[in-house]
Structures are given as structure tokens and as C-alpha cells.
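Everything on this sheet refers to the single structure shown next.
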Amino acid sequence: MKTIFFTLFLFISISVHSQTTDILYVPSQKSLLLTYTNNSALGFYIGGYYKTSFPQPYIYTTPVSIINRGGVNITYKNRLSLMGGVFIKNYQDSIHLSPDIWIKINPLKSILKTNKGFDFSFALNYSEKFRYALGISIEFW
């Protein structure tokens, strides 16, 4: 667990240019998706299930059962992103992996033809069936 957080913070702290982070909510799976892109237009994403209650005291959940997807994203002018990776389904004794493809658009940046500032995000996903996600995009300088 410590190595996962250390690796994520290492990726975030390497870049000194503007960075964009999107937080998306996938309603059909009750999961959150976090994307990170630096100025080079190459980034990564990771997703996990969003839980509003804690499990029973006798049930042990590992971080692997909470994280459900991950991959890389390529961004064009901070407006359109193509993301690809793997979707993880956890079962009692096995893990099933399937491809995870996303297309994400930032509508305000597309309409106003700007690359900076706050924006909303809309994403379409295909991984065994079509899904959508809504969220916000925050840019750090």
C-alpha cells in the first residue's frame, strides 16, 4: 500500500509544468476515476469503488478489492482525452481482467478554445458495456 502511494506521489511531483487532474464519477458502478496529465499530454488514471458505509468488522477488504481500473491517457490540447487500460473484477478466489477504453471531453475548454482553467468533464467508457462518467477538471500551474 505504501509503495502504491509513494509511486503516485512520485509521478505527480516529477512534472513542474501545468498539470490537470480530473475527478469523474461513474454512476452505474458507484466508482470514482482520477486522471492526471502533465504538460507533455501523457498521463495516467486510476479508479476505485466509492463506498458510503464501512464493511462489517469481520470482513477484511484489501486495497486491491477497492481499485477497479487503471491505465494511461493521451490528451489533445487539454480538451479531448483517449484513455486505455485494464478493468479489474475481483471474485472470491480470482481476478478477471478486461480492456478499459475511455473518451473524455472537456466541453468549456472546447467551446471557448482555451487550455487553462476550471472545466467540467464528460467521459464515455466501453468495458464489457457502455458507461458514462461526469466530473470536474482542475488545472494546477
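Just so it is clear, the model here is predicted, and its values are computed rather than measured. Keep in mind that the numbers below use all heavy atoms, side chains included, and drop hydrogens, waters and symmetry copies.
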### Query
So, do Phe87 and His96 sit near enough that their side-chain heavy atoms are less than 4.5 Å apart?
no
### Message
As an exercise, state the distance from OG of Ser28 to CG of Asn125, rounded to the nearest 0.5 Å.
### Response
8.0 Å
### Query
Which heavy atom in Asn106 sits nearest to a heavy atom in Asp119, and how many Å separate them?
CB-OD2, 2.8 Å
### Message
Side chains of Leu42 and Ile74, heavy atoms from C-beta outward: is any pair under 4.5 Å?
### Response
yes
### Message
Taking atom CG as the centre, does Leu124 end up with more than 12 heavy-atom neighbours from other residues, nucleotides or ligands that are less than 6.0 angstrom away?
### Response
yes
### Query
What heavy-atom pair brings Ser98 and Ser127 nearest, and what distance separates the two atoms?
OG-OG, 3.5 Å
#### Entry: Residues, nucleotides or ligands: over 12 heavy atoms within 6.0 Å of Ile103 CD1
no
#### Entry: Heavy-atom side-chain proximity of Leu82 to Asn73 below 4.5 angstrom
no
### Task
Going by the salt bridge (charged side-chain N to carboxylate O under 4.0 Å, His left out) test, name the single residue among Arg69, Arg131, Lys89, Lys129 that passes it with Asp100.
Arg69
### Partner set under ring pair (Phe, Tyr, Trp, His ring centres under 6.0 Å) for Phe120, not counting sequence neighbours
Phe118
### Query
Rounded to the nearest 0.5 Å, what separation is found between the CG atom of Leu32 and the CD1 atom of Ile46?
12.0 Å
#### Entry: Sub-4.5 Å side-chain heavy-atom contact between Gln29 and Asn68
yes
### Message
Just to verify, what does Phe130 make a ring pair (Phe, Tyr, Trp, His ring centres under 6.0 Å) with, not counting sequence neighbours?
### Response
Tyr126
### Query
Between Thr35 and Lys104, is a side chain to side chain contact (heavy atoms under 4.5 Å, CB included) present by the stated rule, with each step listed?
CA-CA 10 Å; Thr35 67; Lys104 181 183 66 163; 3.5 Å; yes
### Message
With a 6.0 Å cut-off (strictly less than), is the heavy-atom count around OH of Tyr132, excluding the residue itself, greater than 12?
### Response
no
### Task
May I ask you to decide if Asp22's main-chain N or O and Ser137's side chain share a donor-acceptor pair within less than 3.5 Å?
no
### Message
Quick one, Leu134 and Ser121 - any side-chain contact, counting heavy atoms below 4.5 Å?
### Response
no
## Note on the structure
Nearest heavy-atom approach of Ala133 to Val26 is CB-CG2, 3.8 Å
### Query
Using the ring of each side chain (for Trp, its six-membered ring), is Tyr45 parallel, tilted or perpendicular to Trp102, with breaks at 30° and 60°?
perpendicular
### Message
So which atom in Thr75 and which in Ser81 form the shortest heavy-atom distance, rounded to 0.1 Å?
### Response
OG1-OG, 3.2 Å
### Query
Quick one: are Ile88 and Leu97 in side-chain contact, heavy atoms under 4.5 Å?
yes
